[in-house]
Amino acid sequence: QCEEAAYEERRYPAGKWACVTKGEPLYEQSISLSFMKLMRYICEENSVGCYLGMTVPVLNEIHLTEEGTELEREVVTAYYLPGEFQQNPPVPTDPEIHITERAPLRVMTRVFYGVTTEETILREINLFWELLGSTDTVLRETYIVATYENPSIPQRRNEIWFICRA
């Protein structure tokens, strides 16, 4: 019970990420299609023609509808480029993959396990709000789902990130 309630604050430095944006009917479809594109980029569909190396977590940036009861269709899936490629990222051969410089990030984060569906993510967001209580220190419309393991692992480790205001 105690472990379930735990959350922490973390800071991440600025860096370059390979990103794909998809807006499929289901969240799972968007992240699956985006991740497969990113895997091809990581594995050799890039200007250097070699395996770049996997980094974790893979981030899925989501937005809630105005009512806050469901996810907007568009999901940005992001892969952090390994250190040796931060200065000069390999160019993706897929035009849907964009290299983006992301600003430093401060987040409140909470671990959860299992598959990530719109339903499980909304539940985790609501649970986290209950734990945090009323606060204006984090954004209410944009969230990040961080995944640390292969999507085929049924009890994989995920985190919900609340983005702290600057």
Side-chain angles (χ1 to χ4, degrees), residues 3-22 27-28 30-39 41-43 46 48 51-64 68 71-72 74-92 94 96-116 118 120-133 135-151 153 155-166:
E3 194 172 302
E4 249 182 64
Y7 61 89
E8 64 180 298
E9 184 176 330
R10 277 197 222 129
R11 292 175 189 271
Y12 290 92
K16 291 191 174 78
W17 295 73
C19 302
V20 177
T21 303
K22 287 279 180 201
Y27 170 82
E28 302 91 298
S30 292
I31 63 169
S32 178
L33 290 170
S34 294
F35 186 71
M36 292 320 294
K37 284 181 170 288
L38 290 171
M39 279 310 296
Y41 169 69
I42 293 163
C43 287
N46 57 62
V48 293
Y51 177 67
L52 305 180
M54 192 62 209
T55 61
V56 291
V58 171
L59 304 183
N60 295 293
E61 186 178 300
I62 57 171
H63 302 274
L64 292 188
L71 304 184
E72 299 224 343
E74 230 171 54
V75 179
V76 178
T77 300
Y79 152 78
Y80 185 78
L81 289 154
E84 64 267 32
F85 300 113
Q86 281 291 313
Q87 291 307 314
N88 191 15
V91 178
D94 186 332
E96 285 190 51
I97 299 174
H98 302 281
I99 305 301
T100 307
E101 172 88 32
R102 298 190 97 171
L105 194 60
R106 189 168 58 98
V107 297
M108 301 300 285
T109 176
R110 182 172 185 274
V111 174
F112 69 99
Y113 295 90
V115 295
T116 53
E118 181 166 354
T120 60
I121 291 165
L122 288 169
R123 185 179 67 232
E124 290 302 322
I125 288 172
N126 288 327
L127 284 169
F128 203 173
W129 275 115
E130 284 177 31
L131 285 171
L132 281 180
T135 178
D136 285 335
T137 61
V138 295
L139 302 179
R140 281 198 170 269
E141 54 286 327
T142 303
Y143 301 90
I144 294 174
V145 178
T147 57
Y148 289 83
E149 296 165 312
N150 184 310
I153 296 172
Q155 281 303 308
R156 73 168 183 252
R157 178 175 176 237
N158 309 289
E159 292 173 345
I160 190 75
W161 289 5
F162 282 22
I163 302 164
C164 296
R165 293 185 194 280

Please enumerate all residues that pass ring-ring contact (aromatic ring centres under 6.0 Å, His included) together with [X], with sequence neighbours excluded.
X: Tyr148; answer: none
X: Phe162; answer: Phe128, Trp129, Tyr143
X: Tyr80; answer: Trp17

Exercise for the section: Mind jotting down which residue pairs meet the salt bridge (Lys or Arg N to Asp or Glu O under 4.0 Å) criterion with at least one end in residues 156-166? Sequence neighbours excluded, please. Expected result: Arg10-Glu159, Arg157-Glu159

Handout entry: Under-4.0 Å salt bridge between Arg102 and Glu61
Key = yes

Do [X] and [Y] come within less than 4.5 Å of each other through their side chains, counting heavy atoms only?
X: Tyr7; Y: Leu132; answer: yes
X: Leu64; Y: Leu122; answer: yes
X: Glu96; Y: His98; answer: no
X: Ile62; Y: Ile144; answer: no
X: Val91; Y: Ile99; answer: no
X: Leu33; Y: Phe35; answer: no

Taking every non-hydrogen atom, the tightest pair across [X] and [Y]:
X: Ile160; Y: Phe112; result: N-CE2, 3.8 Å
X: Cys19; Y: Leu38; result: N-CD2, 4.4 Å
X: Leu59; Y: Ala146; result: CD2-CB, 3.7 Å
X: Pro90; Y: Tyr41; result: O-OH, 2.6 Å
X: Glu118; Y: Leu71; result: OE2-N, 2.8 Å
X: Met108; Y: Cys164; result: CG-SG, 3.9 Å

Rounded distance (nearest 0.5 Å) linking atom [atom1] of [X] with atom [atom2] of [Y]:
X: Thr21; Y: Lys37; atom1: OG1; atom2: NZ; answer: 11.5 Å
X: Asn158; Y: Ile153; atom1: CG; atom2: CD1; answer: 10.5 Å
X: Leu131; Y: Asn126; atom1: CG; atom2: CG; answer: 11.5 Å
X: Glu72; Y: Thr142; atom1: CD; atom2: OG1; answer: 9.0 Å
X: Thr120; Y: Leu127; atom1: OG1; atom2: CG; answer: 11.0 Å
X: Lys16; Y: Thr100; atom1: NZ; atom2: OG1; answer: 10.5 Å

Completion exercise
Residue set satisfying side-chain contact (heavy atoms from CB on, under 4.5 Å) with Ser30, at least two apart, ordered chain then number -> Lys22, Glu24, Val75

Handout entry: Trp161/Tyr12 under ring pair (Phe, Tyr, Trp, His ring centres under 6.0 Å): CA gap, chis, key distance, verdict
Key = CA-CA 12 Å; Trp161 289 5; Tyr12 290 92; 4.7 Å; yes

Completion exercise
Residue set satisfying side chain to side chain donor-acceptor pair (under 3.5 Å) with Asp136, at least two apart, ordered chain then number -> none

Problem - Met36 atom CE: more than 12 heavy-atom contacts under 6.0 Å - result: no

Handout entry: Gln87 atom CD, over 12 foreign heavy atoms within 6.0 Å
Key = no

Problem - Check: Asn60/Thr77 side-chain N/O donor and acceptor closer than 3.5 Å - result: yes

Exercise for the section: For side chain to side chain contact (heavy atoms under 4.5 Å, CB included), just list the numbers for Arg106 and Glu9, CA-CA rounded to whole Å, side-chain angles, deciding distance to a tenth of an Å, and then say yes or no. Expected result: CA-CA 7 Å; Arg106 189 168 58 98; Glu9 184 176 330; 3.0 Å; yes

